[in-house]
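Inspection log for the structure reproduced underneath, given as structure tokens.
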Amino acid sequence: MSGRRRRLAGVTISSPGRVETDLGRTRRARRIGRALTEAHPDAHCELDHTTALELAVATILSAQCTDKKVNEVTPKLFARYPTAADYAGADRAELEELIRPTGFYRNKTDSLIKLGQALTERYDGRVPGRLADLVTLPGIGRKTANVILGNAFDVPGITVDTHFQRLVQRWGLTIQTDPVKIEHEIGAMFPKREWTMLSHRIIFHGRRVCHARKPACGACTLTRLCPSYGLGPTEPAAAAKLLKGPRARDLAVAAGVDPELVPAQAVVAEAP
């Protein structure tokens with residue numbers, strides 16, 4: 001079987017020449033989880049919101065758009081449309097203009113209006129707190145539903161976005177490519193109560209350290225736990241330049257790297 005890993009009778013074969021049982025993989029996953037807890041104590045949902053409705057709207061807007069841009073748009077949007085009924089009766093042209101900076105604004109406007117209508121007609125204008133109900137709503141898929149459940153209702157959920165999927169595959173924790181299968185496989189390795197914060201920490205790590213094109217391998221706290229170590233630069237000076245975010249220098253220190261190697265622009269850089 002081609003690929004980095006294959007599974008045989010409860011045993012994972014990880015190249016090069018590495019054999020890891022499913023129990024060993026789970027134990028390594030939990031060590032990764034503990035390391036992420038130490039590295040990213042500030043991990044949280046990066047979409048600004050105060051209600052479940054605001055979070056649902058912000059998550060819809062975040063498709064193919066950065067959280068930073070969404071957060072720039074939503075204050076005015078939330079003030080103009082505070083209820084589901086407001087979205088249901090929104091003037092399409094006005095709503096499109098408000099969310100235009102987030103991209104794909106026509107499709108997103110359609111989703112927001114239909115979301116408002118569905119909530120008003122079926123749930124008395126309130127966002128439901130069950131996965132089975134959320135995924136029936138316009139613009140709300142399983143990933144978005146888990147974001148809403150975990151952050152608005154304190155119901156544990158795993159959010160398999162592009163960062164989450166990339167990292168758990170790089171760490172050799174799964175060979176699955178279907179997000180639902182990834183969600184279930186990774187969820188089985190951790191206590192349910194940890195799922196929401198685990199998702200935040202993995203996404204934080206993906207945005208600030210383990211980038212898609214060039215991960216900061218030489219400035220990462222997971223080097224001994226990651227079978228993909230070396231995919232990015234391992235020399236500390238080169239790796240430190242790849243760290244991003246306001247805690248970039250703290251991340252360097254945690255990895256045993258001189259924080260002075262982190263350029264000033266990295267500290268103010270937007271985490272992708």
Side-chain angles (χ1 to χ4, degrees), residues 5 7 12 20-60 62-63 67 70 127-137 139-210 220-222 225-226 228 245 247 271:
R5 306 167 65 244
R7 188 81 49 77
T12 299
E20 184 177 49
T21 65
D22 285 350
L23 177 59
R25 183 168 55 100
T26 296
R27 287 175 173 170
R28 182 167 60 86
R30 293 190 178 188
R31 288 198 295 272
I32 288 173
R34 290 193 292 272
L36 292 174
T37 299
E38 294 180 3
H40 303 288
D42 57 330
H44 62 279
C45 177
E46 296 188 271
L47 291 170
D48 295 341
H49 66 280
T50 59
T51 68
L53 177 61
E54 289 182 355
L55 181 55
V57 169
T59 307
I60 289 173
S62 70
D67 289 354
V70 172
V127 177
R130 295 196 317 149
L131 180 66
D133 294 326
L134 285 168
V135 296
T136 69
L137 295 170
I140 307 294
R142 189 178 180 94
K143 179 183 75 173
T144 299
N146 277 325
V147 172
I148 296 169
L149 288 174
N151 296 283
F153 293 99
D154 200 26
V155 175
I158 287 180
T159 303
V160 183
D161 73 348
T162 55
H163 299 290
F164 189 103
Q165 180 168 337
R166 179 178 75 251
L167 268 60
V168 295
Q169 289 173 340
R170 278 182 178 173
W171 295 333
L173 300 183
T174 183
I175 58 174
Q176 302 294 340
T177 57
D178 178 76
V180 176
K181 291 181 179 179
I182 292 173
E183 176 189 335
H184 291 157
E185 185 165 9
I186 301 304
M189 299 178 190
F190 294 88
K192 189 173 182 178
R193 65 180 181 275
E194 297 180 9
W195 287 355
T196 299
M197 285 308 303
L198 174 71
S199 299
H200 289 323
R201 290 165 187 145
I202 290 178
I203 293 169
F204 256 55
H205 199 71
R207 288 175 166 172
R208 291 155 175 78
V209 182
C210 195
C220 178
T221 57
L222 304 179
L225 299 169
C226 180
S228 297
R247 294 189 62 256

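Side-chain atoms of Thr196 come within 3.5 Å of backbone atoms of Gly157 as a donor-acceptor pair (strictly under, hydrogens ignored). Side-chain N or O atoms of Trp171 include none that pairs as donor or acceptor with a backbone N or O of Ala29 at under 3.5 Å. A donor-acceptor distance shorter than 3.5 angstrom exists from the side chain of Arg28 to the backbone of Leu225, with no hydrogens or angles considered. Side-chain atoms of Arg166 come within 3.5 Å of backbone N or O of Cys210 as a donor-acceptor pair. Using a distance-only test at 3.5 Å, with no hydrogens or angles considered, no donor-acceptor pair links the side chain of Arg247 to the main chain of Pro41. In this structure, the side chain of Asn146 engages the main chain of Ile158 through a donor-acceptor pair within 3.5 Å.
Between Phe204 and His44, the shortest heavy-atom distance links the atoms CE1-O, 3.4 Å. The nearest pair of heavy atoms linking Arg170 to Cys226 is O-SG, 4.1 Å. The two residues Pro128 and Leu137 have their closest heavy-atom pair at CD-CD1, 3.9 Å. Nearest heavy atoms, Ile140 versus Ala145: CG2-N, 3.9 Å. Taking every heavy atom of both residues into account, Pro179 and Val160 meet most closely at O-CG2, 3.7 Å.
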Check against side-chain contact (heavy atoms from CB on, under 4.5 Å), Glu38 and Thr221: CA-CA 9 Å; Glu38 294 180 3; Thr221 57; over 6 Å; no
Evaluate Ile182 against Leu173 for side-chain contact (heavy atoms from CB on, under 4.5 Å), listing each step before the verdict. CA-CA 9 Å; Ile182 292 173; Leu173 300 183; over 6 Å; no
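Between Lys181 atom NZ and Ile175 atom CD1 the span is 10.0 Å, to the nearest 0.5 Å. Rounded to the nearest 0.5 angstrom, Thr174 OG1 and Leu167 CG are separated by 13.0 Å. Distance check: Leu23 CG to Thr21 OG1 gives 5.0 Å after rounding to the nearest 0.5 Å. Rounding to the nearest 0.5 angstrom, the gap separating the CD atom in Gln169 from the CZ atom in Phe164 is 10.5 Å.
Salt bridge Glu194/Arg30: absent, no basic N to carboxylate O contact under 4.0 Å. Salt bridge annotation for Asp67-Arg207: present, with a cationic side-chain nitrogen under 4.0 angstrom from a carboxylate oxygen.
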